[in-house]
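All remarks here apply to the structure that follows.
What you see is a predicted model; the values in this text were computed from it and never measured.
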Amino acid sequence: MKSDSRAIPTEAESQRTGNSVRLSRWVAILRLRVGWCELIILIVVLAMPVFIYRVNLNPGRLGFFHDDGIYVVTAKALATGQGYRIISLPEAPAQTKYPPLYPFLLSLIWRLYPEFPQNVIPMMLLSVAMTVGFLMLAYYYLVQQEYNRRYTAMLIVLLTALNVIVVYMATSLLSEMPFAALSVGTLWAVEIAAKPRAKLGWALAAAVGLGLTMLTRQVGIVLIASSFIYLVMRKRYTHLFGMIMVLGMIMLPWILWCHIQSSLPSPANVAYYTDYTHEFIPMLLDPRLLFNVMFKNAPSLLTSLSTLFLPALSLQRSAFDLAFTSGAFALTVTGLIQLLRSGIRLLHLYVMFYLIVLLLLPFPLYEHYLVPVLPFLLMWFFAGSRQQINYLQKLWTAKHRLISMAMLGISIVLLLVCYTGLFVYNGVFLNKFVRAMKHGGPFTEGLSQEQPLLSWVRSHTKSTDVLASFYDPVYYLYTGRKAIRLGYQTTMTLRSYRENDLSLRAEEIWDMLRLNRVSYVIVAPSHPAFKAIKSLAAQYSDQFIQAYASPATGAQIYRLKLR
């Protein structure tokens with residue numbers, strides 16, 4: 001008779017199985033409790049930064065970066081049923097330069113709070129929420145994907161949250177913080193999708209994240225390229241194909257919109273507002289211009305990195321600045337090399353490609369471009385610090401004592417300078433920043449100097465008049481008058497790389513004023529076009545009629561009588 005192959009468990013085996021089940025349950029409960037404790041600690045850690053963000057909300061800063069003004073103008077257009085257009089410009093051209101997701105989110109807030117400028121604070125709260133999401137996602141991403149231990153990740157998140165530039169971005173109407181939150185969540189999903197037994201659903205979720213990131217900022221192309229390369233490296237071809245299909249469906253409407261609008265007749269002098277092709281195509285067709293862009297952007301990128309790490313100091317104004325810049329850069333590069341030795345991962349690809357793309361931008365680099373990757377740069381910094389400490393231990397036991405002690409002293413000094421700057425100087429500067437927010441000062445004034453000019457425009461101009469100002473979106477939003485920009489244009493930015501000439505030429509401004517039939521020109525000494533407008537006013541004195549002059553700021557408004 002054939003015996004049953006399934007053996008009946010003995011009493012001892014049953015007891016061991018029961019103990020194992022009970023143990024696994026206790027482990028699961030313990031992990032759940034640890035997870036909740038971890039979340040509570042993270043919320044407590046972020047409570048102080050969130051309070052600082054809330055105090056720093058200032059609607060008067062709207063328009064300071066110009067891009068934020070354009071975002072709000074297009075949000076108003078979407079909310080009021082005028083389509084995705086730059087309705088502040090005289091001919092209201094279609095917007096094809098900035099992707100629509102962030103203006104769309106702002107437009108939802110505009111619909112709930114249609115009164116301007118009362119709706120500026122609610123819109124800024126969206127940036128605060130996105131910043132908190134970015135910080136929490138960054139922590140869990142670094143821990144869950146085993147880039148850092150919990151205490152290191154917590155320190156990285158806290159330093160990021162209290163960075164003065166992050167504080168400024170968290171309370172501004174720019175797309176950096178929504179992009180940062182979406183990019184970290186997408187990185188996490190792609191890494192899970194690249195694992196050997198990951199389900200296809202993770203790849204599709206990652207594709208949605210890639211699409212949303214690209215629809216927030218065009219630099220999202222870096223995340224798409226990094227993700228595709230990483231999936232190829234991990235030989236996840238099925239997941240890659242699924243991601244491409246979903247991403248294509250998400251991006252197709254935006255691509256079609258840009259293609260259709262670019263094929264239509266374009267209003268004069270709107271290239272600066274509507275696309276990047278007028279800047280990138282000449283650069284790609286001219287190798288010398290491409291080299292000049294990279295050559296001039298390299299020190300700017302280093303400056304931006306240093307200022308991002310240490311906003312309290314200006315680069316190379318003192319020996320401490322130079323020591324901090326050298327030490328922080330060396331530690332960050334050392335950390336990257338050390339991490340790459342363990343294997344190339346998605347995060348490393350993404351940050352390296354992101355920095356390379358910044359080198360190729362044919363316009364000035366700013367520190368806030370680096371905010372979305374700040375936690376990962378700090379991760380490299382701390383990895384380099386650990387490597388340097390290991391090196392110090394070797395130097396302490398080295399045979400050649402004189403040379404070893406000299407190198408040991410230099411290394412210790414650089415470490416002290418870097419950590420003093422990162423913790424002490426940044427803390428002091430943040431304290432000044434918060435005090436300025438509470439009592440008023442250079443950090444919180446925003447565009448207050450424009451208020452008398454705005455009041456004059458509202459009282460003395462007609463609704464059909466066209467204005468020219470450095471802060472043109474602000475003038476449209478506060479006065480309802482169409483406006484164009486007196487400031488950086490495509491021709492000027494390219495000329496700055498070809499000829500090292502960043503000045504605004506009077507004849508170019510004069511052509512722009514006549515082409516757009518401008519009625520009033522608004523300038524102040526702090527505006528880039530101030531000298532050019534003064535020159536034009538002297539040259540065409542019969543056509544530039546001074547209508548207003550501020551004795552306090554030196555700002556002037558000219559009424560144009562164009563022939």
Check: Looking at side-chain heavy atoms only, is the closest gap between Leu360 and Asn297 below 4.5 Å?
Finding: no

Checklist line | Trp254 side, atom CH2; Leu256 side, atom CG - distance, nearest 0.5 Å | finding: 11.5 Å

Notebook entry, point to check: Would you say Asn56's side chain and Ile52's backbone share a donor-acceptor pair under 3.5 angstrom?
Noted result: no

Note to self: Side chains of Thr96 and Ser262, heavy atoms from C-beta outward: is any pair under 4.5 Å?
What the structure shows: no

Check: Between Thr171 and Arg61, is a side-chain contact (heavy atoms from CB on, under 4.5 Å) present by the stated rule, with each step listed?
Finding: CA-CA 9 Å; Thr171 55; Arg61 290 212 317 265; 2.8 Å; yes

Note to self: Is the distance between the ring centroids of Phe179 and Phe134 under 6.0 Å?
What the structure shows: no

Checklist line | Tyr113 atom OH, neighbour heavy-atom count above 12 within 6.0 Å | finding: no

Margin query: For a side-chain contact (heavy atoms from CB on, under 4.5 Å) check, start with the C-alpha distance between Leu46 and Tyr139, then their side-chain angles and the critical distance, and finish with the verdict.
Written below: CA-CA 11 Å; Leu46 294 179; Tyr139 171 78; over 6 Å; no

Notebook entry, point to check: Hey, would you say the Phe381 and Phe309 ring centroids sit under 6.0 Å apart?
Noted result: yes

Item checked: side-chain hydrogen bond (donor to acceptor under 3.5 Å, both in side chains): pairs with one or both residues in residues 208-226, sequence neighbours excluded -> Ser175-Arg217, Glu176-Arg217

Next item on the list: From the options Thr74, Leu215, Leu126, select the one residue that forms a side-chain contact (heavy atoms from CB on, under 4.5 Å) with Tyr102.
Entry: Leu126

Check: Heavy atoms, side chains only, cut-off 4.5 Å: are Leu39 and Met136 in contact?
Finding: yes

Item checked: Backbone N/O of Val518 and side chain of Asn516: donor-acceptor pair under 3.5 Å -> no

Note to self: Any non-hydrogen side-chain atom of Leu62 less than 4.5 Å from a side-chain atom of Leu477?
What the structure shows: yes

Checklist line | Verdict with supporting geometry, Tyr273 and Arg485, side chain to side chain donor-acceptor pair (under 3.5 Å) | finding: CA-CA 10 Å; Tyr273 291 87; Arg485 191 181 197 196; 5.9 Å; no

Next item on the list: Would you please test Leu308 and Leu377 for side-chain contact (heavy atoms from CB on, under 4.5 Å) and show each step?
Entry: CA-CA 10 Å; Leu308 182 71; Leu377 294 173; 4.2 Å; yes

Item checked: Plane angle bin for His368 and Tyr366 - parallel if under 30°, tilted between 30 and 60°, otherwise perpendicular -> parallel

Check: When the ring planes of Tyr168 and Phe64 are compared, do they come out parallel, tilted or perpendicular, using 30° and 60° as the limits?
Finding: perpendicular

Check: About how many Å separate CE of Met379 and OG1 of Thr332, when rounded to the nearest 0.5 Å?
Finding: 10.5 Å

Next item on the list: Begin with the C-alpha distance, continue with both residues' side-chain angles, and end with the deciding distance and a verdict on side chain to side chain donor-acceptor pair (under 3.5 Å) for Ser519 and Arg481.
Entry: CA-CA 10 Å; Ser519 306; Arg481 277 56 167 175; over 6 Å; no

Check: Which residue, Phe116, Trp456, Tyr471, forms the ring-ring contact (aromatic ring centres under 6.0 Å, His included) with Tyr478?
Finding: Phe116

Check: Can you check whether Val157 reaches Met154 side chain to side chain, under 4.5 Å on heavy atoms?
Finding: no

Margin query: If you count heavy atoms of other groups shown closer than 6.0 angstrom to OH of Tyr548, is the number above 12?
Written below: yes

Item checked: Gap separating the OG1 atom of Thr160 from the CD1 atom of Ile165, nearest 0.5 angstrom -> 11.5 Å

Margin query: On a heavy-atom basis, which atom in Leu223 and which in Ser227 lie closest, and how many Å separate them?
Written below: O-OG, 2.8 Å

Margin query: Between Tyr140 and Glu38, is there a side-chain donor-acceptor contact under 3.5 Å, judged purely by atom types and distance?
Written below: no

Item checked: Gap separating the NZ atom of Lys97 from the CD1 atom of Ile86, nearest 0.5 angstrom -> 8.5 Å

Next item on the list: For side chain to side chain donor-acceptor pair (under 3.5 Å), just list the numbers for Tyr475 and Glu450, CA-CA rounded to whole Å, side-chain angles, deciding distance to a tenth of an Å, and then say yes or no.
Entry: CA-CA 9 Å; Tyr475 278 84; Glu450 302 290 326; 2.6 Å; yes

Item checked: Gly480 backbone acceptor or donor facing Arg458 side chain under 3.5 Å -> no

Notebook entry, point to check: What heavy-atom pair brings Thr131 and Ala170 nearest, and what distance separates the two atoms?
Noted result: OG1-CB, 3.2 Å

Checklist line | Heavy-atom pair with the smallest gap, counting every atom of Leu358 and Leu365 | finding: O-CD2, 3.3 Å

Checklist line | Closest heavy-atom pair and its distance - Thr461, Tyr520 | finding: CG2-CE1, 3.6 Å

Notebook entry, point to check: So does Arg54 have more than 12 non-hydrogen atoms from other groups sitting under 6.0 Å from CZ?
Noted result: no

Checklist line | Distance in Å, Arg111 CZ paired with Lys76 NZ, rounded so as to fall on 0.5 Å steps | finding: 13.5 Å

Item checked: Exam field: side chain Ser127 to backbone Ser172, donor-acceptor pair closer than 3.5 Å -> yes

Check: Side chains of Val208 and Leu204: does their closest heavy-atom pair fall under 4.5 Å?
Finding: no

Notebook entry, point to check: For the side chain of Trp380 and the backbone of His348, is there at least one donor-acceptor N/O pair under 3.5 Å apart?
Noted result: no

Check: Do you know which two heavy atoms are closest between Arg85 and Ala92, and how far apart they sit?
Finding: NH1-O, 3.3 Å

Notebook entry, point to check: Phe382 versus Leu422: any side-chain heavy-atom pair under 4.5 Å?
Noted result: yes

Note to self: Side chains of Asp472 and Lys482, heavy atoms from C-beta outward: is any pair under 4.5 Å?
What the structure shows: no

Note to self: Between Arg517 (side chain only) and Pro90 (backbone N and O only), is there a donor and an acceptor less than 3.5 Å apart?
What the structure shows: no

Next item on the list: Quick one: sort the Tyr350 and Phe376 rings into parallel, tilted or perpendicular, breaks at 30° and 60°.
Entry: perpendicular

Check: Looking at OG1 of Thr186 and CD of Glu191, how far apart are the two atoms once the value is rounded to the nearest 0.5 Å?
Finding: 12.0 Å

Note to self: Among Tyr84, Tyr98, Phe65, Trp110, which residue satisfies the ring-ring contact (aromatic ring centres under 6.0 Å, His included) criterion with Tyr71?
What the structure shows: Tyr98

Note to self: Can a donor-acceptor pair be found, under 3.5 Å and without considering hydrogens, that links the side chain of Tyr230 to the backbone of Leu347?
What the structure shows: no

Margin query: Let's go through Trp202 and His239 carefully: what are the C-alpha distance in whole Å and the side-chain angles of both, what is the deciding distance for side-chain contact (heavy atoms from CB on, under 4.5 Å) to 0.1 Å, and is it a yes or a no?
Written below: CA-CA 9 Å; Trp202 280 107; His239 287 41; 5.8 Å; no

Item checked: Main-chain N/O of His66 paired to Asp68 side chain as donor or acceptor, under 3.5 Å -> yes

Next item on the list: State whether the side chain of Ser183 and the backbone N or O of Ala180 hold a donor-acceptor pair below 3.5 Å, judged by distance alone.
Entry: yes

Notebook entry, point to check: Can you name the closest pair of heavy atoms from Val73 and Ser88 and give their distance?
Noted result: CG1-N, 3.6 Å

